[in-house]
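One structure below.
Side chains included, hydrogens not; waters and symmetry mates left out as well; all remaining heavy atoms used. Chain letters run A, B, ... following the sequence lines, proteins first, then strands; residues in each count from 1.
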Amino acid sequence: MWVALSYACWGISIILALWMLYDWFKVDTTYSEEVLTSSREGELEAASEEHRI
Amino acid sequence: MTTALEPAIHGDRVSLLRVLGPAHVWALGVGIVLVGEFTGWNFSADKGGTLAALIVCWVVGLLYTSVAMIDSEVTSTVAAAGGQYAQAKHIVGPLMAFNVALFLVFAYTMLEVSDAILLGDTIVAKAGVDGLTHNSFIAATIVVLAWLNYRGVLMTLNVNFVITAIAYVSIVILFFSVSPWTQGAVLKLNELVTPGNALPYGWIGVIAAFQFGIWYYLGIEGTTQAAEEVRSPARSLPYGTMAGMITLLIAAAMTWYVCASLMPWEYLGVTPYPLWDAGKLTGSPLLENLLFIATLLAAIASANGCINDAARAWFSLGRDRYLPSWFSAVHPKYRTPYRSILFLLPIALAFAFIADLNQAITFSILSGVLQYTFMSINIMMFRKKWPLGTIRRGYTHPFHPLPAIVLFCLCVVTFFAIFLGFGSQLSAMVAFYFLISVWFHFYRYKFVRRGDQFTMPWPKPQGY
């Protein structure tokens, strides 16, 4: 049973790793680099908190 | 209406998703740490005896209570992914921030590696099958958890909440199953801890035990990495972090009491599975299996939280161009830092396959203690530059500057303890951070957009 579990672990790892690589490729070819890297730190804080006492 | 599972681009921006609450913050912090009760803390008994393990449980608990209080105040004000990195950037400066981010990435990645090795070794020990190695279990742990993190932070931390709670409850069940109120029935503390063997190496053994006493709480500061994904950072982060610290203090005390009352210090100090062994020693198959499963769950929860935190720290470095901005990409559908998760995945796998548990743990602890030393200095500068009343704080920690002084002193003691056991690794790590700082200062910093990195809408600091 443990040996079978070991093989199952390899199988799951390979399948999920391939899925992530596929999704990465799909996302990077669908969206522009400007959109994907457009996150900015503190944006929501700046909008919602004025930091006035 | 846009849901979390559809591509969500608001205007021109794709950002991390604000979906977490205080329970997720608790699950992140306690999830990373709780594995330390299942293995790690007990090596302090090998350094200084069972009583030394108890002394460091409380003294290191004080260190981490200071960490939690200081972190809660600063993070409830600097609520950004990267946690201590973002704090350092705004309060100390870019070079410190770069180093702190590397401390974070190393501490969490090496802890993730240690968790995966522990899980693999535990399964192999349980199976007892000739020729079965831990590699497949290590690979599955790291890849499946990376996939979970890739798919979204809400599910990741929901899973962490459930498995952390099960692991925690198993400790409570073990504690009450051995009739802790009746010494002599199952527990034999008086026979196992005597005046003759309580501190076998004297007080220098207590100092040496600090190195592994860190394991009782290592990683609770990881709650701050969720700052950009919690709905109300000013409330959720202090609440989740302090609740997590209280939870861990109780778990640490129960763990020490049961294990010290069931095993002699010579065995307790070397076993890789103190709680699982405690379950076996009760003679109950149910408790033995429960503690075996809980050991696995605690390792999974810790690795899961570590992947989350290391990826956020790496992502933040990319976003400020301290590293190539390519790393700052956010997945438009799952809203996670997917490139950072994928980049760190093979690194964790490589270390898990080639490094041994001791090396990985030592690198994690060293990076963690460097980070705590920074935090004690950071809070002093924060209070000096922006005194109370000048900016809004979600939480204000009491007795300042006492927690910062206590934290700094305990970090110095811990460095000395690490030097006693792993002097060459400590020297190598400090040399590495020095060289990488030189590289950052003279080469990388010219790529940083200097005005863009300071994002908090604060008034000018006092004295500037």
Side-chain angles (χ1 to χ4, degrees), chain A, chain B residues 7 9 12-16 18 77-82 86 123-124 126-129 131-133 135-137 139-144 146-147 150 228 233-234 315-316 318-320 325-333 337-339 341-342 345 389-392 452-453 455-459:
Chain A
M1 181 190 85
W2 294 104
V3 175
L5 184 64
S6 173
Y7 285 122
C9 284
W10 282 124
I12 291 168
S13 303
I14 291 166
I15 289 168
L16 292 182
L18 288 174
W19 183 88
M20 283 189 282
L21 288 173
Y22 165 72
D23 188 73
W24 175 19
F25 174 77
K26 199 175 71 175
V27 168
D28 280 15
T29 51
T30 304
Y31 298 92
S32 73
E33 195 64 15
E34 286 72 28
V35 169
L36 295 174
T37 59
S38 60
S39 166
R40 293 290 174 267
E41 179 185 282
E43 233 170 19
L44 286 174
E45 276 64 43
S48 61
E49 297 182 24
E50 294 178 346
H51 284 284
R52 284 186 192 146
I53 303 294
Chain B
I9 302 171
D12 296 330
R13 299 262 193 252
V14 186
S15 52
L16 302 178
R18 281 192 184 271
T77 315
V78 190
I123 292 175
V124 169
K126 175 78 173 172
V129 176
L132 184 69
T133 68
N135 285 346
S136 58
F137 305 111
T141 305
I142 293 176
V143 174
V144 171
W147 174 78
Y150 188 102
E228 212 163 303
F315 159 81
S316 300
R319 193 164 59 177
D320 287 329
S325 60
W326 185 82
F327 290 114
S328 68
V330 174
H331 197 292
K333 185 174 175 184
Y338 70 108
R339 285 181 186 161
I341 293 169
L342 289 173
L345 170 60
T390 55
I391 54 174
R392 195 169 71 192
D452 289 353
Q453 58 183 323
T455 57
M456 294 298 138
W458 294 349

Looking only at F327(B), F137(B), W147(B), most heavy-atom pairs under 4.5 Å shared with chain A are made by W147(B)
Okay, N135(B) and chain A: the region with an atom under 4.5 Å from a heavy atom over there is both
Answer key: most heavy-atom pairs under 4.5 Å with chain A among A140(B), G82(B), G131(B), S136(B) is S136(B)
Applying a strict 4.5 Å limit to non-hydrogen atoms, the region of F315(B) in contact with chain A is side chain
Self-check item: Beyond-backbone contact of D23(A) with K333(B), side-chain heavy atoms, under 4.5 angstrom
Solution: no
Residues passing the side chain to side chain contact (heavy atoms under 4.5 Å, CB included) test with A127(B), sequence neighbours excluded, are W2(A), V129(B), L132(B)
### Query
With a 4.5 Å limit on heavy-atom distance, are the side chains of R339(B) and D28(A) in contact?
yes
Cut-off 4.5 Å, heavy atoms of chain A, and the answer for S328(B) is both
> Got a donor-acceptor contact below 3.5 angstrom from the R13(B) side chain to the R40(A) backbone?
Replying inline: no
By side chain to side chain contact (heavy atoms under 4.5 Å, CB included), A146(B) pairs with (sequence neighbours left out) M20(A), I341(B), L345(B)
